[in-house]
Amino acid sequence: MATTSSTGAPAAAPSLTFTRPVFAKLSPHPYLLLSLSPDESSSTRSRRTNGRAPHEARPIQINTGSLSQAHGSALVRTGDTTVICGVRGELLPVTSIPQFRPTPSYENADDEEKARKELKEYDLLVPNIELATGCAPQFLPGVPPTTLAQTLSTRVYSLLHSSGLVDGRDLRVKYRPVRPPQDTEAMEEDGQEEEEEEEEVKAFWVLYIDLLFVSFDGNPFDAAWAAVLAALRDTVLPAAKWDADREMVICTTKEKGKKLNIRGHPVPCSAAVFLEKADQQHQDKGRHWILLDPDRLEETLCGEVITVVVDCEGNETRVRSLEKQGGTVLGRELIRGFVGVAEGRWKEVVKAMG
Amino acid sequence: MADRRRINGPAGATIPPVFDEDGKQYEHKVAKIRDRAPTAIRKMFLKTGVTPSASGSAYLEYESSAKSGVSGLKLSCTVHGPRSLPRSSPFSPHIVLSTHVKYAPFATKQRRGYLRDPSERDLGTHLETALRGAIIADRWPKSGVDIIISIIEGDQDRETSKFQGDETWDMMNALSGCITVASAALADAGIDCVDTVAGGVAALVQDTSDDSTPRIVLDPIPSEHEKILGACCVAYLPIRDEVTNLWFKGDLPASDIDLYTKLVESGIQASRNGNRVLVECLGETVA
Amino acid sequence: MATERPLVLPGDVIPPSLIPTSANPNKKQQPLRLGPGLRHIPPSDIVPTVAGQLITVPHKNSMWVEYNSSRYTPTPSDLVIATISRSGPDFYYASLSPYTANATLPHLSFEGATKKTRPQLPPGSLVYARVTLANKHMDPEIECVSSATGKADGLGPLKDGMVFDISLGFARRLLMARSKEEGKVEVLELLGEEGLAFETAVGRNGKVWVSGASDAKGNEGVNAKTVVVVGRALQETDTKRLGVEQQRKLVKKLVREMR
Amino acid sequence: MTASTLPEAALGVLPRADGSAKYSHAGYTVTASVNGPIEAQRRDEHPYEAHVDVIVRPAAGVGGTRERHLESILQSSLTQIILVKNFPRSLIQVVLQVEDTPENDYVNTKLVQASLNFAIMPALFQTSVLALLSAGVPMRATAAATAVAVVPEDGAKKIVVDPSPRQIEIAQSVHVLAFTSQEELLLAESEGDFTVKEWDDVYETAQKICCRPASTKEGMEMVLDEEDAGGPDMRHFLRSTLESKVTADLHWK
Amino acid sequence: MPREAEPSLNEREFVLKALQENTRLDGRELDQYRPLELTFGDQYGVADVTLGKTRVLAKASAEVTVPYTDRPLDGIFNIATELSPMTSPAFEVNRPTETEVLISRLLEKTVRRSGALDTESLCLVAGQKCWSIRVDVHVLSHDGNLIDAACFAVVAALRHFRKPDTSMEGGVLTVYTPAEREPVPLSWLHSPFCITWSFFGEEGEIALLDATWLEEQVRVGSCTISLNKHGEICQIAKLGGTPVEAVALLQCTNVALSRAKDFSAFLDRKLAEDAKRRDKGGLLAELSAENDR
């Protein structure tokens with residue numbers, strides 16, 4: 001087994017003779033290690049090979065509404081990671097929901113809670129992430145989604161539901177059967193107000209949330225989620241109503257569409273842990289660095305990763321999701337501290353979202 | 001059976017929104033008439049190096065015309081290689097091109113699936129022939145290069161093409177865009193070409209507005225015309241004055257014999273314009 | 001008893017009291033020898049890597065973890081039963097355990113083998129061999145002749161007979177010099193006492209080869225049944241974890257059934 | 001069906017696998033097989049260490065994106081505790097077959113579900129560790145995981161160990177934490193809505209369950225008494241399960 | 001994936017030699033099965049079957065869905081057999097092997113096509129809604145004769161299974177959760193079983209039941225007979241291999257019938273025991289459900 005010393009120091013020596021890219025290709029770990037731990041003599045501070053400080057994230061740009069075919073869209077760029085998100089609504093008549101129940105078994109729950117369950121029960125949110133666009137050499141098309149792509153999709157899906165970002169009530173298309181002919185006016189309403197007892201749900205909007213990576217340079221989840229969040233906030237569903245005669249939902253461009261009301265600003269913040277010793281099997285781990293917003297090279301060199309999703313809108317910071325795996329460096333204290341870092345990132349991202 | 005590697009959504013089929021305006025559409029279609037001169041092509045925005053980790057990459061966007069609902073074409077292309085072919089594949093004296101064109105699910109009016117459909121495969125084959133003529137293939141024996149294009153937004157109108165039915169006209173615009181953007185990406189990847197190939201589209205259209213005499217227009221937008229009689233998409237090498245790929249569709253009135261040649265020539269003209277943008281962009285990056 | 005052979009789990013801290021410090025000072029200090037299931041983490045930690053009983057032998061100044069597993073990892077000088085899977089120009093490629101990389105067996109490493117006289121072994125043949133080289137970075141190498149003496153010492157192709165799978169722990173017990181006393185396995189002796197004529201070869205890789213005694217008449221009939229009985233006796237002793245007494249019962253039962 | 005309060009486990013249940021374990025707790029029953037180190041396919045062959053391959057198979061229906069996610073989480077965690085460096089170029093394969101999951105009597109179960117089911121993690125985690133131990137795969141340490149939910153209860157918030165599907169439905173946040181036997185935090189997965197303070201409490205509870213200091217006989221009874229309060233004592237459970245296995249294996253000693 | 005290990009020449013020869021002396025390695029008679037065990041899970045419709053070292057788990061599940069357009073009055077019934085690396089590292093996920101295809105086809109013929117489950121009873125709203133019943137077969141341990149074990153597990157699981165209760169009022173379908181109404185059993189018509197013979201020797205003159213994995217690797221042919229306790233044969237499959245005397249095959253069928261009777265009696269007994277066990281269990285579950293509210 002390679003002893004830890006031999007992975008570190010000797011490999012560093014030839015670095016003087018190699019050009020940086022060659023050194024990076026040949027022995028990436030020592031390359032990053034060297035740059036992170038400059039010898040005490042020199043005054044240079046600990047920097048990553050991408051020139052960032054360990055706790056420095058890449059600036060984030062967010063543009064929304066650039067796609068005309070989608071009902072909502074966003075383009076997110078952090079460094080060399082670029083992802084596009086398109087949200088498109090399609091209609092799902094209740095008749096084509098086999099397990100649909102007009103009065104679900106959870107009447108006791110309030111309407112909002114009910115709507116939230118509908119989202120999950122009827123699969124009204126459908127996020128998918130496409131990596132096989134040649135966005136990086138390892139992601140070429142013509143292959144089924146990689147484990148990474150599937151994992152990302154699942155994480156987005158889970159966070160969508162657990163954070164209750166979308167209000168399920170926005171996705172209902174309701175209809176009030178008309179008894180006396182004079183209140184035909186009531187038909188015109190798109191069922192957003194309170195006397196819902198007479199109204200019945202005729203269909204649901206299904207939101208297809210498709211993410212496409214144009215360029216991939218690490219930390220896909222943060223970028224992807226930012227895109228989802230921005231795109232959903234940009235989403236306007238066409239005004240739709242149930243046409244009893246034609247037994248179908250009819251949309252119109254005459255009335256102005258329905259803007260989704262998106263609850264909260266959950267923003268993820270990811271980091272990877274870089275270990276001084278390539279051999280992590282020892283108890284004493286030696287030094288380590290927590291690299292915020294890791295790039296592609298760093299991700300290949302780090303085993304342990306953490307993602308914390310926070311929402312700082314209220315007076316108290318709420319954590320909406322916490323995922324840490326693949327290592328044992330990040331203990332209780334470090335994670336506590338990292339939530340603070342996440343709060344910082346939250347401000348940047350929310351600002352970028354405008 | 002559902003794709004177990006993706007999140008599939010509801011079991012029952014979902015329906016894209018139906019608008020009450022549909023059907024009445026046809027009458028006031030004439031309203032949005034082409035405001036460009038027949039020989040003018042839309043403004044293009046081309047940028048290379050959008051995907052740094054790829055050997056070469058480029059992004060192309062057509063200026064979306066004034067009318068709302070009409071989106072400009074948006075394309076992103078990455079080039080990977082040249083790299084050695086996998087052991088399994090047979091010896092090849094020249095470089096092996098593999099082109100892959102895919103519409104993003106949100107690119108068109110109808111949501112696209114993740115699996116490639118025939119039209120996307122067609123685009124891929126057309127693109128390959130168009131490029132093969134431009135690349136100096138035998139400079140890279142035993143190696144292959146992947147050219148991947150994502151159509152982020154199709155060149156399509158929200159309402160139309162239900163009426164013109166045929167989506168081919170849109171595909172032609174898409175193809176010419178693909179050729180131009182791929183050519184830029186190849187140059188960015190430093191893969192030797194005899195010349196910079198670019199795509200161009202010309203169509204023979206018929207509009208009541210100009211007493212429905214057929215006329216040839218460059219870079220047509222199907223929705224701006226009532227009837228498209230025929231169109232062609234050419235991939236053209238300006239310096240060598242060669243056409244590497246030609247795709248023609250439609251039926252031309254037999255009355256005018258050299259109408260076909262006219263059409264192709266205007267196609268070439270369109271491609272020249274495209275080429276100008278291309279060279280400009282490359283010039284910047286080199287400088 | 002538990003105090004002598006405490007249960008250890010991976011990563012447990014071994015109390016220093018249990019780590020032998022060379023017993024008698026007059027004999028010169030010999031280094032602490034770590035057996036299987038332990039690893040040394042500099043500077044001075046000794047940590048178990050498997051679940052088992054910690055055995056310490058102070059006078060030998062050695063310690064290891066006693067455990068039973070079913071996946072064989074080759075170790076030099078182990079005796080193994082290998083199945084030839086194919087033959088190369090100079091080597092046979094032989095499998096020691098399923099789904100693992102083949103071991104190499106030089107064509108000439110048989111007793112008195114020359115290019116002409118070497119045994120021709122078709123795929124599927126069995127050989128009794130010794131592991132000569134085994135390290136995690138290379139595929140193992142085995143031999144059917146002692147490189148020192150040039151003699152086979154019982155190694156070589158195994159004709160006829162049958163191989164039975166047994167657990168690695170049981171194989172080790174069978175191979176013990178005093179398997180009866182240390183390993184608490186008597187089956188074979190008992191079967192012999194019952195008058196069964198058979199020969200066996202035990203492979204450390206969890207295989208035992210049993211064959212009817214090759215008597216001049218070669219009365220096959222008897223052999224097959226005998227072999228089955230021996231095989232079952234061994235496997236049941238292993239899987240049902242029989243003590244000496246139960247082994248005796250088992251043998252009686254099996255032999256009765258056979259006759 | 002009512003979920004068992006105490007975990008149960010059996011080792012070596014699959015005679016033809018190198019190692020195997022069946023584990024049931026809180027309504028979940030999982031069987032795992034471990035094979036390895038065996039020859040790795042070229043595509044996941046690593047020159048310096050063993051590739052750990054984890055496969056999760058649901059009881060009903062085909063696995064989907066959710067299973068892939070669970071697999072990747074388990075894979076990254078197990079790679080940490082297995083001494084992968086000891087077996088370069090080889091493969092250690094862990095297959096987890098879910099047999100039983102607690103039913104929520106208030107919903108009809110849907111077959112294909114993309115949403116992550118946290119509560120199943122501990123069962124999967126424990127089973128794989130047990131199977132690895134039974135296979136005698138060299139490890140740096142053992143580990144244990146547990147699921148904890150913060151459930152609102154008449155105004156106040158209550159921490160529930162091994163929550164039932166019903167409790168998860170109404171929970172404000174659900175957490176899964178895993179610790180190595182050296183008390184390092186190996187895995188932490190939380191979703192819902194919670195504060196750092198709440199997470200701290202959750203951490204305390206989970207840690208108590210996963211790494212209660214090895215207890216003596218009478219200490220153990222005491223543990224059993226406070227079962228309902230603190231949840232099961234995973235470390236002791238692991239040890240006693242292995243104890244019986246090892247003594248059985250070495251009965252002849 | 002690493003290839004399946006082939007038995008050595010010695011093993012091949014010996015197995016045959018022993019059989020010629022009517023001796024099997026585990027001392028069984030030629031027509032003797034290994035001890036068959038069956039345990040039901042906590043949930044309805046989970047059957048765990050062991051046959052010596054072979055172990056198969058079958059799980060039945062139900063879902064409301066849309067019927068096939070060509071069969072608007074029928075429900076949907078599927079048996080999914082997917083061998084995982086748990087069966088043997090030689091199997092790869094999403095890579096069906098011959099064994100796998102064979103098993104699923106035989107189960108299909110035996111259970112589905114023989115109309116063991118009344119699919120019309122699964123129809124809820126003609127052409128719109130129906131039950132989709134699915135059985136997942138998981139092979140946990142493979143020591144030969146997967147087919148017989150799997151078939152028994154599937155039948156056991158389906159007969160043990162309960163699907164949610166439903167009702168129709170004014171064209172509105174309601175599927176009740178277990179809390180609202182006790183689930184109901186499937187309408188089951190008959191219980192077919194697979195009995196597989198393996199043949200050995202030049203003319204396949206030696207025939208035996210319930211072959212182990214090693215025996216299967218050495219056999220020259222096999223024949224699977226599917227029938228119920230009434231002796232109604234659903235299918236007979238002898239897929240190639242050494243030709244066998246027709247008369248011998250008849251003999252096999254007779255023995256198969258008696259085995260089928262044993263199986264069905266055994267299954268009935270187990271189901272009865274489980275029902276008794278549940279009577280209390282069910283009540284408890286109800287109570288606990290009350291507490292949850």
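Every chain is numbered from 1, with letters handed out A, B, ... down the list of sequences. Hydrogens, waters and symmetry mates play no part in the numbers below; they use all other heavy atoms, side chains included.
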Identify every side-chain donor-acceptor pair in residues 249-256 of chain C under 3.5 Å, counting partners at least two apart or on other chains, and give the distances.
unit_1	atom_1	unit_2	atom_2	d
C:Lys252	NZ	C:Glu194	OE2	3.1

Among residues 200-207 of chain E, residues within the sub-4.5 Å heavy-atom range of chain C, in order of number, are none
Query - Any donor-acceptor N/O pair, E:Asn10 side chain to C:Leu158 backbone, under 3.5 Å - result: yes
| said: Could you check whether any side-chain N or O of C:Lys225 sits under 3.5 Å from a backbone N or O of E:Ala18, counting only pairs where one atom can act as donor and the other as acceptor? | reply: no
Whatever's closer than 4.5 Å to a heavy atom in chain C on E:Arg24 counts as backbone
Counting heavy-atom pairs under 4.5 Å with chain E, the top scorer among C:Ser85, C:Pro98, C:Gly161, C:Ser95 is C:Gly161
Among C:Ile84, C:Val229, C:Val163, the residue with the most heavy-atom pairs under 4.5 Å to chain E is C:Val163
Quick one: [atom1] on [X] to [atom2] on [Y], what's the gap to the nearest 0.5 Å?
| X | Y | atom1 | atom2 | result |
| --- | --- | --- | --- | --- |
| E:Leu25 | C:Met162 | CG | CE | 4.5 Å |
| E:Ser8 | C:Lys207 | OG | NZ | 8.0 Å |
| C:Trp209 | E:Glu11 | CH2 | CD | 13.0 Å |

**Message:** Walk me through whether E:Glu6 and C:Thr83 qualify under side-chain contact (heavy atoms from CB on, under 4.5 Å).
**Reply:** CA-CA 9 Å; E:Glu6 285 286 309; C:Thr83 316; over 6 Å; no
Near E:Glu245 CD, under 6.0 Å, is it more than 12 heavy atoms from other residues, nucleotides or ligands?
no
Between E:Lys17 and C:Ala224 the two heavy atoms that sit nearest each other are CE-CB, 4.2 Å
Here the pair of heavy atoms bringing C:Pro122 nearest to E:Leu9 is CG-CD1, 3.8 Å
message = With a 4.5 Å cut-off on side-chain heavy atoms, are C:Val227 and E:Phe14 touching?
response = yes
